[in-house]
2 protein chains.
Amino acid sequence: MSIEHSILAILSFWPSTGYNIKAEFEHKAAGLYWGMSYGSIYPKLKKLEEEGLIYPIEEEEEGRKKKQYELTPKGWKEFEKWLTLPPAYPVVKDELLMKMSTWHADMDDEVLINHLLKRKAVTEDLLGFVKNWPTNGTSYISDYGMLSIRYGELRLEAELKWIEESIHILEEKQLPNGQDPNGNTDKLIARRRAAIQSEEES
Amino acid sequence: MSIEHSILAILSFWPSTGYNIKAEFEHKAAGLYWGMSYGSIYPKLKKLEEEGLIYPIEEEEEGRKKKQYELTPKGWKEFEKWLTLPPAYPVVKDELLMKMSTWHADMDDEVLINHLLKRKAVTEDLLGFVKNWPTNGTSYISDYGMLSIRYGELRLEAELKWIEESIHILEEKQLPNGQDPNGNTDKLIARRRAAIQSEEES
DNA sequence: TTCCGCATGTAATCTGTTACATGATTAC
DNA sequence: GTAATCATGTAACAGATTACATGCGGAA
């Protein structure tokens with residue numbers, strides 16, 4: 001339901017083509033908290049036009065054929081209605097955290113450290129982008145957009161801090177003590193070893 | 001591809017039923033960075049059994065019929081292979097950030113503040129959970145799991161800080177200045193008003 | 001006796017991506 | 001001249017959710 005509205009939101013900035021909308025999520029600030037592919041965009045543009053929320057602006061052929069879309073009055077209304085609707089709490093799907101939570105003593109910590117280093121590289125890139133973007137002199141950020149950018153900054157800094165902290169802990173082999181009233185960690189290792197052994201015997 | 005592996009990961013802790021796996025994501029720490037529904041879980045359990053990665057433990061009928069699954073040697077291997085594979089950088093879809101970025105001067109700031117207050121309430125709940133969980137005396141967290149929990153703590157604290165900062169800025173009407181070399185903010189408001197007016201005239 | 005939590009499962013549906021097809025224009 | 005970027009679009013598929021159907025056991 002929200003892809004449509006995100007498209008309307010992008011079009012509220014300025015009339016855009018499908019290609020352009022994709023670029024907005026690929027190379028620009030919007031990509032920090034949303035994304036979509038061509039396979040979604042073009043069919044949705046068609047649908048939004050059919051519903052009378054957007055209309056194509058016929059270009060006076062500057063060479064390339066392209067179809068820019070603009071919001072209709074109905075489109076503006078729908079966009080703003082969406083803005084006032086309470087947003088859903090973001091759904092997180094974080095494979096690294098999932099893996100880390102189920103890591104165990106028979107695994108090699110070096111591998112986990114490597115996962116963290118990869119994550120660190122991307123996070124640093126994004127943080128650089130977020131810090132540079134608002135003052136690069138060319139891109140558009142509204143006053144409200146600055147608050148979103150600030151969110152990215154705080155979140156990425158927190159993440160970076162955690163990554164560095166975690167790598168240090170793993171390297172020094174000074175993991176904090178968990179909570180294990182039923183001795184599950186030991187049971188896990190025992191179950192695993194029993195399984196591996198039963199296989200080797202067969 | 002990852003739902004299967006998340007199920008294997010949960011089963012690595014201890015043998016579980018489908019209902020149990022769901023509960024793990026619903027009421028426990030794993031829910032902070034992953035989630036899934038029954039409609040995914042049961043068919044996947046069937047599939048994993050067919051592939052020989054898990055097997056059912058027949059319960060000595062303690063009244064209720066239930067089917068607990070345990071990892072096979074092959075299942076342990078697959079799980080650990082997955083652990084060593086570099087995790088994808090998490091995809092973020094944050095409706096609040098999307099809305100905030102495209103908020104504009106003709107909207108009511110109070111509505112945006114309300115969105116932030118709702119977000120704050122949930123974030124505070126989660127933070128309370130994250131802080132309480134590792135010392136509640138009953139739940140299981142491995143030493144590695146503590147690192148994940150720490151991530152949640154840092155991330156949620158950063159988010160809370162940002163929410164409070166943003167509410168304050170909006171209440172005092174002291175938004176920072178964005179970057180707008182082409183006067184897009186004015187153009188946006190003009191396009192919008194023209195659209196609304198053209199409709200009223202018709 | 002009624003409701004809630006435990007427990008399993010499927011069918012219909014939705015939502016979105018990947019991969020492909022096609023072609024023009026621009027920069028090197 | 002050739003690689004990259006601009007540009008539109010579709011078909012097949014993947015992935016997951018919602019809603020439903022079913023039923024037991026324990027608590028109030």
Side-chain angles (χ1 to χ4, degrees), chain A residues 1-8 10-11 14-28 31 33-51 54-69 88-95 98, chain B residues 1-8 10-11 15-28 30-31 33-51 54-69 82 88-93 95 98:
Chain A
M1 186 92 282
S2 266
I3 280 225
E4 279 100 319
H5 289 109
S6 297
I7 290 177
L8 295 180
I10 296 293
L11 294 182
W14 43 65
S16 291
T17 65
Y19 185 84
N20 230 316
I21 289 167
K22 172 84 163 108
E24 205 68 33
F25 291 106
E26 198 108 296
H27 318 294
K28 305 197 183 171
Y33 24 81
W34 212 264
M36 61 187 74
S37 65
Y38 291 127
S40 297
I41 293 171
Y42 286 108
K44 291 292 180 193
L45 284 173
K46 202 185 220 176
K47 194 188 158 203
L48 289 169
E49 190 188 343
E50 279 165 14
E51 291 172 349
I54 62 176
Y55 65 95
I57 303 175
E58 296 307 333
E59 280 294 286
E60 291 89 55
E61 297 309 318
E62 26 150 280
R64 262 197 199 81
K65 55 164 178 183
K66 63 177 180 177
K67 217 165 159 188
Q68 269 191 310
Y69 287 96
Y89 201 85
V91 180
V92 181
K93 296 240 166 172
D94 198 322
E95 233 180 293
M98 192 69 210
Chain B
M1 188 95 275
S2 263
I3 281 225
E4 279 101 321
H5 289 109
S6 296
I7 291 177
L8 296 181
I10 296 293
L11 294 182
S16 291
T17 65
Y19 187 84
N20 230 316
I21 290 167
K22 173 86 164 107
E24 205 68 31
F25 290 106
E26 199 108 294
H27 318 294
K28 305 198 184 170
Y33 23 81
W34 211 264
M36 61 187 74
S37 64
Y38 291 126
S40 297
I41 294 171
Y42 286 106
K44 291 291 179 195
L45 283 172
K46 202 186 220 176
K47 194 189 157 203
L48 288 169
E49 189 187 346
E50 278 164 16
E51 290 171 350
I54 62 175
Y55 64 96
I57 304 175
E58 298 305 333
E59 279 295 285
E60 292 89 56
E61 296 309 316
E62 27 150 279
R64 263 197 200 80
K65 53 163 179 184
K66 62 176 180 177
K67 217 166 160 186
Q68 269 191 312
Y69 286 96
W82 172 73
Y89 201 86
V91 180
V92 181
K93 297 238 166 176
E95 232 178 293
M98 191 70 210

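Heavy-atom basis, side chains included; hydrogens, waters and symmetry copies ignored. Numbers restart at 1 for each chain; the letters A, B, ... are given by sequence-line order, proteins then strands.
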What's the [atom1]-[atom2] distance between [X] and [N], to the nearest Å?
| X | N | atom1 | atom2 | value |
| --- | --- | --- | --- | --- |
| A:K44 | D:dT8 | NZ | C1' | 18 Å |
| A:Q68 | D:dA7 | CD | C1' | 12 Å |
| B:K47 | D:dA14 | NZ | P | 10 Å |
| A:L45 | D:dG9 | CG | C1' | 11 Å |
| A:I7 | C:dT15 | CD1 | P | 13 Å |
| A:E49 | D:dG9 | CD | P | 9 Å |
| B:K93 | D:dA16 | NZ | P | 14 Å |

Contacts of type side chain to side chain donor-acceptor pair (under 3.5 Å), residue [X], not counting sequence neighbours:
| X | value |
| --- | --- |
| A:K93 | none |
| B:E26 | B:K22 |
| A:Y33 | B:S101 |

| message | As a test of reading the structure: which of C:dT8, C:dT17, D:dG9 is closest to the side chain of A:M36, going by heavy atoms? | response | C:dT17
| said: I want to verify a distance call: between D:dA7, C:dA7, C:dG16, whose nearest atom is closest to the A:Y42 side chain? | reply: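 Nucleotide nearest to A:Y42's side chain: D:dA7.
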| A:T17/A:L45 under side-chain contact (heavy atoms from CB on, under 4.5 Å): CA gap, chis, key distance, verdict | CA-CA 9 Å; A:T17 65; A:L45 284 173; over 6 Å; no
| Hey, are the side chains of A:Y42 and A:K67 touching, using non-hydrogen atoms and a 4.5 Å cut-off? | no
For nucleotides 4-6 of chain C, print each protein N/O atom paired with a nucleotide N/O atom at under 3.5 Å, atom names and distance only.
unit_1	atom_1	unit_2	atom_2	d
C:dG5	N2	B:R64	NH2	3.1
C:dC6	OP2	B:Y19	OH	3.0

| query | Looking only at atom types and distance, does a side-chain atom of B:Q68 sit under 3.5 Å from a main-chain N or O of B:P15, one as donor and one as acceptor? | reply | yes
Can you find a side chain N or O atom of [X] that sits less than 4.0 Å from OP1 or OP2 on [N]?
| X | N | value |
| --- | --- | --- |
| B:S40 | D:dT17 | yes |
| B:K46 | C:dT10 | yes |
| B:K67 | C:dG9 | yes |
| A:S37 | C:dT18 | no |

| side chain to side chain contact (heavy atoms under 4.5 Å, CB included) with B:P90: which residues, sequence neighbours excluded? |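 Expected list: A:D94, A:R119.
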| field | End-to-end axis angle, where each axis spans five pairs of the helix from C:dT1-D:dA28 to C:dC28-D:dG1, to 10° | value | 30°
| task | Would you check, one step at a time, whether the test side-chain contact (heavy atoms from CB on, under 4.5 Å) holds for A:I7 with A:I54? | result | CA-CA 10 Å; A:I7 290 177; A:I54 62 176; 5.5 Å; no
| field | Inter-residue atom distance B:L11.CG - B:N20.CG, 0.5 Å rounding | value |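 Reported value, rounded in 0.5 Å steps: 9.5 Å.
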| Touch class at under 4.0 angstrom, heavy-atom based, for B:G39 against every strand present | base
